[in-house]
Amino acid sequence: MAQCITCGTELHPERAKKYNYCMARECQEKNAKGLTMMAIGMNKAAEELMILDERTQADLASGRYHDQRRGSFGTSASAAAPGTAVRDPEPASRAHRRPARRPAAPAPASRPWTDRQERLALLYNEQGLRPDEIAAKLGVSTYLATQIVLAARDRRRPNGPAVLRSDPRRRTRKPA
């Protein structure tokens, strides 16, 4: 049976698996060690805290908890080799140059779905199915099913009030 290293009393077998001291106040004060906590992720809603041990330190060194959003903002000092100077990619003489003009209109995005999927998605939507149910029937993600329905609605919406007949390509105007 395991014994406390401070007072010599016998330890419960379950406690002996993890600790080598008993629950007496003197033994706790002498032997208990605090844990180093580290915040690895923070936002308005929650914080992710971890105990800083050897495994967590190795994960941090390997970049496991690296913020992916930081890769697109500015230059990274960690990209340079150790012992080398980090160069400013834009000298001060070019920093005051006017920004390039943006194109007038974005290029039309290609649709990652077929016409058949679009017609089915609209049909299922008109039947009252939810986007997740439509996605399951079409074999796509819920997000894509929602995008299909919204894009099809936008394309089908005429300039004025219209009545859709059995053939969705034929539209007739309501009498004014």
Side-chain angles (χ1 to χ4, degrees), residues 1-103 106-107 109-113 117 120-121 124-125 128-151 153:
M1 187 118 225
Q3 294 182 341
C4 174
I5 59 170
T6 305
C7 64
T9 59
E10 289 186 12
L11 295 176
H12 189 275
E14 289 181 14
R15 178 149 180 91
K17 288 179 185 177
K18 204 168 186 185
Y19 302 99
N20 59 1
Y21 55 92
C22 67
M23 295 292 293
R25 180 180 286 291
E26 301 83 33
C27 297
Q28 290 280 323
E29 289 173 359
K30 184 174 181 180
N31 297 307
K33 298 175 187 169
L35 297 174
T36 305
M37 301 296 289
M38 180 176 178
I40 60 167
M42 296 181 128
N43 62 28
K44 293 177 186 175
E47 299 176 0
E48 186 173 352
L49 301 171
M50 295 192 73
I51 297 171
L52 188 63
D53 57 359
E54 293 84 21
R55 190 177 81 198
T56 308
Q57 285 178 340
D59 288 346
L60 285 168
S62 70
R64 178 172 180 195
Y65 301 112
H66 173 71
D67 188 1
Q68 291 91 10
R69 296 170 298 171
R70 295 286 182 191
S72 63
F73 293 100
T75 58
S76 173
S78 64
T84 61
V86 178
R87 282 191 52 186
D88 185 14
E90 192 168 65
S93 62
R94 286 190 277 157
H96 298 291
R97 194 171 29 166
R98 293 175 63 185
R101 298 186 98 194
R102 292 187 179 186
S110 63
R111 298 181 334 178
W113 61 83
Q117 285 176 318
L120 285 171
Y124 293 145
N125 182 257
L129 269 64
R130 295 188 316 265
D132 58 328
E133 295 169 333
I134 296 171
K137 287 184 175 269
L138 295 179
V140 297
S141 69
T142 304
Y143 175 79
L144 186 59
T146 305
Q147 294 304 309
I148 293 170
V149 171
L150 291 175
R153 279 185 182 173

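What you are looking at is a predicted structure, and each value in this text was computed from that prediction instead of being measured.
- L11 and N20 make their closest contact through CD1-C, 3.8 Å (heavy atoms, listed as atom of the first residue, atom of the second, distance).
- Of all heavy-atom pairs spanning C7 and C4, the tightest one is N-SG, 3.5 Å.
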Exercise. Could you walk me through whether L129 and K137 pass side chain to side chain contact (heavy atoms under 4.5 Å, CB included), step by step?
Key: CA-CA 10 Å; L129 269 64; K137 287 184 175 269; 3.5 Å; yes
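- Qualifying salt bridge (Lys or Arg N to Asp or Glu O under 4.0 Å) partners for D53, counting only residues two or more places apart in sequence or in other chains: none.
- Applying the ring pair (Phe, Tyr, Trp, His ring centres under 6.0 Å) definition to pairs two or more places apart or across chains, those involving residues 13-52 are Y19-Y21.
- Rounded to the nearest 0.5 angstrom, M37 CE and L52 CG are separated by 9.5 Å.
- Here the SG-CD distance, from C22 to E10, works out to 11.5 Å after rounding to the nearest 0.5 Å.
- The main-chain N or O of I51 is found under 3.5 Å from a side-chain atom of T56 such that the two form a donor-acceptor pair.
- Considering all non-hydrogen atoms of both residues, V140 and Q117 come closest at CG1-NE2, 3.7 Å.
- Residue pairs meeting the ring pair (Phe, Tyr, Trp, His ring centres under 6.0 Å) criterion with at least one member in residues 28-48: none, sequence neighbours excluded.
- The CD1 atom of I148 sits 9.0 Å away from atom CD1 of I134, with the distance rounded to the nearest 0.5 Å.
- For Y124, there are no ring pair (Phe, Tyr, Trp, His ring centres under 6.0 Å) partners, not counting sequence neighbours.
- Each of E133, R153, R130 was checked for a side chain to side chain donor-acceptor pair (under 3.5 Å) with N125, and the lone residue meeting it is R153.
- Applying the side chain to side chain donor-acceptor pair (under 3.5 Å) test to every pair with at least one member in residues 27-40, sequence neighbours left out, gives these pairs: T6-N31.
- Screening residues 33-55 for ring pair (Phe, Tyr, Trp, His ring centres under 6.0 Å) gives no qualifying pairs among residues at least two apart or on separate chains.
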